[in-house]
Amino acid sequence: MFSHKRADFGEDFLFGAATAAYQIEGGQTDGRGSSIWDTFSTTPGNVHNSETGKFACDHYNRWPEDLDLLADGGFDAYRFSFAWPRLIPEGVGQVNQKGVDFYDRLIDGMLERGLKPFATLYHWDLPSALQDKGGWLNRDIADWFADYAVMVHKNFGDRLETTATINEPWCVAFLSHMLGVHAPGYRDIRAAARASHHVLLAHGTAINALRAEGGKNLGIVCNFEVAQGATGKPEDMGAARLWDGIFNRWYLDGLFKGKYPSDVLAHFAPHMPDDFADDMAVVSTPIDWFGVNYYTRGLYEHAPERGAFPLRKVDGPLEKTAIGWEIFPEGLEEILTRISADYTDIPLYVTENGMAEIEGTDDPRRIAYYNGHLGAVLAAQKRGADVRGYFGWSLLDNYEWAEGYDKRFGLVHVDYKTQKRTPKSSYRAFQSLLTGANRSR
Ligand SMILES: OC[C@@H]1[C@@H](O)[C@H](O)[C@@H](O)c2nc(CNc3ccccc3)cn21
């Protein structure tokens, strides 16, 4: 079990678990439109075993059972995402009433179980019809996204505890348009530069539109990595600094200082949209809270042959999870205290943290992983970071994007043949922390 007590985190601290629509819902029916992940995952070579989210965890039908798991675990909150194509199949225009009905039932189900709904508007499943118009490369996406955000607010806003605009703008832009690992799978610095700006412009435009409708408790969720030099050589330390700029500071500086970091801009500048600097007031529109997703650190070395960004991640010596990420809980303390000290004093939530394991292992290391990162939250709080909550990734084993289904992050095991849910020992550890007992319905 964990070595911490619930009271250690503060009386109003919230514990939750997190998921995302495309990774758990399945339910490609009832008027749901196509998303870029439907097309990306069915394009050979993009996803392990060519696995798709077509069925996933069948959460579209099994959501009551999944909400029961959250309630039985003693969790206070549930971080989930709306599927844009399920609500507005073409991305703009016509609303799919069956999609509205699904999320109405889901959110009411949370409230009936005493679970606070922490909603994410966009967790990577862009409607294909918008990709056909250029997707994140088209500046108009800021208005498309803001209109979608207002639609969600009008239908569900009165029942949401918090609303995050975007999950991990780095993944939406750089991972998906420079590295090509995620949908739409571009490997193009010009696409990456423009997406890296438009994703934040869309965020700020949506925040302003939601404020105009009375929206409250609005934020964004970014992913962070502690970037360290593979050696103490200046060129490797420089590589780590540049990666810190690409992964961390582009978003922190843009969102909280209204200015992109000059070291990254030096690489992006020839490809940035015209007059992007005029958008920075919108990009940095004030928000009410900030979500921090943290998993690991990275070691980087100078790699002059790598062209635009002359760096390379190198394998580190620390114990790794099944997805190959080093276990480095100190990094969560570092990230939380850095954001709090250098960027903002608004409330922070750890919106994702967790460990992948392979099939059926119920890896005993996972309890130690969570215990260590919960300890990092406590240490950051002691150093002044206003951390208000922690969400484990993920409630369920689910579709791990380009990795398919093998990499299992769930607190609850899912047998995809039968869709049987089985709590793992890490679920029981949270249940004990949160309720003082191990129990299930
Ligand atoms: O990979 C685990 C989770 C993923 O399932 C979530 O949908 C996503 O929000 C998420 N973000 C990270 C951290 N960022 C990241 C880094 C490299 C590749 C993919 C994600 C991990 N995860």
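By convention here, the first residue in the shown sequence is residue 1. Since the model is a prediction, treat every value here as computed from it, not as a measurement.
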Q | 4.5 Å side-chain heavy-atom contact, Leu115 and Phe80 | A | no
Q | Trp37 and Tyr22 aromatic ring geometry - parallel, tilted or perpendicular at 30°/60° bounds | A | tilted
**Q.** Sequence neighbours excluded - salt bridge (Lys or Arg N to Asp or Glu O under 4.0 Å) pairs with any residue from residues 163-180
**A.** none
**Q.** Any side-chain heavy-atom pair of Cys57 and Arg62 under 4.5 Å
**A.** no
Q. Among all residues two or more places apart in sequence or in another chain, which pass the side chain to side chain contact (heavy atoms under 4.5 Å, CB included) test with Asp363?
A. Met355, Glu357, Thr361, Arg365
Q: Check whether any side-chain heavy atom of Phe276 lies under 4.5 Å from a side-chain heavy atom of Leu200, and answer yes or no.
A: no
Q. Who pairs with Asp147 by side chain to side chain contact (heavy atoms under 4.5 Å, CB included), at least two apart in sequence or on another chain?
A. none
Q: Decide ring pair (Phe, Tyr, Trp, His ring centres under 6.0 Å) for Phe55 and Tyr416; before the verdict, give the C-alpha distance in whole Å, the side-chain angles of both, and the deciding distance to 0.1 Å.
A: CA-CA 9 Å; Phe55 301 106; Tyr416 295 108; over 10 Å; no
Q. Can you find a heavy atom in the side chain of Thr52 that is under 4.5 Å from one in the side chain of Val47?
A. no
(Q) Restricting to non-hydrogen atoms, name the atom on Pro85 and the atom on Ser35 that form the minimum distance, rounded to 0.1 Å. (A) CG-CB, 3.8 Å
(Q) Could you tell me if Tyr390 and His373 have a donor-acceptor pair between their side chains, going purely by distance under 3.5 Å? (A) no
Q: Compare every heavy atom of Ile287 with every heavy atom of Gly219, then report the nearest pair and how far apart it is.
A: CA-CB, 4.2 Å
Q. Heavy atoms, side chains only, cut-off 4.5 Å: are Asp72 and Pro423 in contact?
A. no
Q) Between atom CZ of Arg366 and atom CD1 of Ile327, what is the distance when rounded to the nearest 0.5 Å? A) 10.5 Å
Q: Identify the heavy atoms of Ala83 and Tyr103 that sit nearest to each other, and give their distance.
A: N-OH, 2.9 Å
Q) Is there a side-chain contact between Phe174 and Val264, using heavy atoms and a 4.5 Å cut-off? A) no
Q | Pairs touching residues 335-348 that satisfy salt bridge (Lys or Arg N to Asp or Glu O under 4.0 Å), sequence neighbours left out | A | Asp244-Arg338
Q.
Distance check, rounded to the nearest 0.5 Å: Glu319 atom CD versus Thr321 atom OG1?
A. 9.5 Å
Q) If you measure only the distance, is there a donor-acceptor pair under 3.5 Å linking the side chains of Tyr370 and Asn353? A) no
Q: Taking the side chain as every heavy atom from C-beta outward, state whether Pro169 and Ile220 have any pair of such atoms under 4.5 Å apart.
A: yes
(Q) Angle between ring planes, His182 versus Trp124, binned at 30° and 60°: parallel, tilted or perpendicular? (A) tilted
Q: Output the distance between atom CE (Met178) and atom CG (Asp188), rounded to the nearest 0.5 Å.
A: 8.0 Å
**Q.** side-chain hydrogen bond (donor to acceptor under 3.5 Å, both in side chains) contacts touching residues 151-160 (sequence neighbours left out)
**A.** Asp104-Arg159, Asp108-Arg159
Q.
Suppose we screen for side chain to side chain contact (heavy atoms under 4.5 Å, CB included). Which residues come up paired with Ala173, at least two apart in sequence or across chains?
A. Ala195, Ser196, Val199, Tyr251
(Q) Please determine whether side-chain contact (heavy atoms from CB on, under 4.5 Å) holds for the pair Phe391 and Phe75, giving the CA-CA distance in whole Å, both sets of side-chain angles, and the decisive distance to 0.1 Å. (A) CA-CA 9 Å; Phe391 291 79; Phe75 291 101; over 6 Å; no
Q) Are a donor atom and an acceptor atom from the side chains of Thr19 and Tyr78 found within less than 3.5 Å of each other? A) yes
Q.
Under a 3.5 Å cutoff, is there a donor and acceptor pairing between the side chains of Tyr343 and Asp253?
A. yes
Q. Salt-bridged, Asp125 to Arg32, with N to O below 4.0 Å?
A. no
Q) Looking at residues at least two apart in the chain, or sitting in another chain, which of them share a salt bridge (Lys or Arg N to Asp or Glu O under 4.0 Å) with Asp12? A) none
Q: Over all heavy atoms of both residues, which pair between Tyr295 and Gly354 is shortest? Give the atoms and the distance, please.
A: CD2-O, 3.2 Å
(Q) Tell me which pairs pass side-chain hydrogen bond (donor to acceptor under 3.5 Å, both in side chains) where either residue lies in residues 199-215, with sequence neighbours left out. (A) Thr165-His203, Asn208-Thr285, Arg211-Asp288
Q: Please name the pair of heavy atoms, one in Met280 and one in Gly258, separated by the smallest distance, quoted to 0.1 Å.
A: CB-O, 3.2 Å
Q. Are Glu225 and Lys313 close enough, and set up right, to give a side-chain contact (heavy atoms from CB on, under 4.5 Å), and what steps lead you there?
A. CA-CA 12 Å; Glu225 185 182 275; Lys313 186 171 187 175; 3.5 Å; yes
Q: Using the side-chain contact (heavy atoms from CB on, under 4.5 Å) rule, take Ser34 and Thr39 through it: C-alpha gap first, then chi angles, then the decisive distance, then the call.
A: CA-CA 8 Å; Ser34 168; Thr39 52; 4.1 Å; yes
**Q.** From CG (Leu69) to CG (Leu411), nearest 0.5 Å
**A.** 10.0 Å
Q: For Arg249 and Pro261, work out which heavy atoms get closest and say how close.
A: NH1-CB, 3.5 Å
Q. Does Leu299 reach the side chain of Gln228, with side-chain heavy atoms less than 4.5 Å apart?
A. yes
**Q.** salt_bridge(Asp397, Arg408) N-O dist < 4.0 Å
**A.** yes
Q: May I ask you to decide if the ring planes of Tyr399 and Trp401 are parallel, tilted or perpendicular, using 30° and 60° as cut-offs?
A: perpendicular
Q | Residues that Thr296 engages under side chain to side chain donor-acceptor pair (under 3.5 Å), provided they are two or more places apart | A | none
Q: Enumerate the residue pairs fulfilling salt bridge (Lys or Arg N to Asp or Glu O under 4.0 Å) with a member in residues 76-90, sequence neighbours excluded, ordered by first and then second residue.
A: Arg6-Asp76, Glu25-Arg86, Arg79-Glu352
Q. Roughly how far, to the nearest 0.5 Å, is the CG atom of Asp58 from the CD1 atom of Ile24?
A. 10.5 Å
Q: Any chance you could measure Leu255, atom CG, to Tyr260, atom OH, to the nearest 0.5 Å?
A: 8.0 Å
Q | With Trp250, the ring-ring contact (aromatic ring centres under 6.0 Å, His included) member among Phe224, Trp243, Phe256, Phe268 | A | Phe268
Name each donor-acceptor pair under 3.5 Å that joins a side chain in residues 138-145 to protein atoms two or more places apart or in another chain, with its distance.
| residue | atom | partner | partner atom | Å |
| --- | --- | --- | --- | --- |
| Asn138 | OD1 | Asp140 | N | 2.9 |
| Asn138 | ND2 | Lys133 | O | 2.9 |
| Arg139 | NH1 | Asp279 | OD2 | 2.8 |
| Arg139 | NH2 | Asp279 | OD1 | 2.7 |

Q.
Taking NZ in Lys116 as the centre, count heavy atoms belonging to other residues, nucleotides or ligands within less than 6.0 Å. Is the count above 12?
A. no
(Q) Which residues pass the side chain to side chain contact (heavy atoms under 4.5 Å, CB included) test with Leu318, not counting sequence neighbours? (A) Arg297, Glu326, Phe328
Q: Applying side-chain contact (heavy atoms from CB on, under 4.5 Å), run through Leu378 and Leu374 and close with a yes or a no.
A: CA-CA 6 Å; Leu378 290 172; Leu374 289 170; 5.9 Å; no
**Q.** Tyr122 and its ring-ring contact (aromatic ring centres under 6.0 Å, His included) partner, picked from Trp136, Tyr148, Phe82
**A.** Trp136
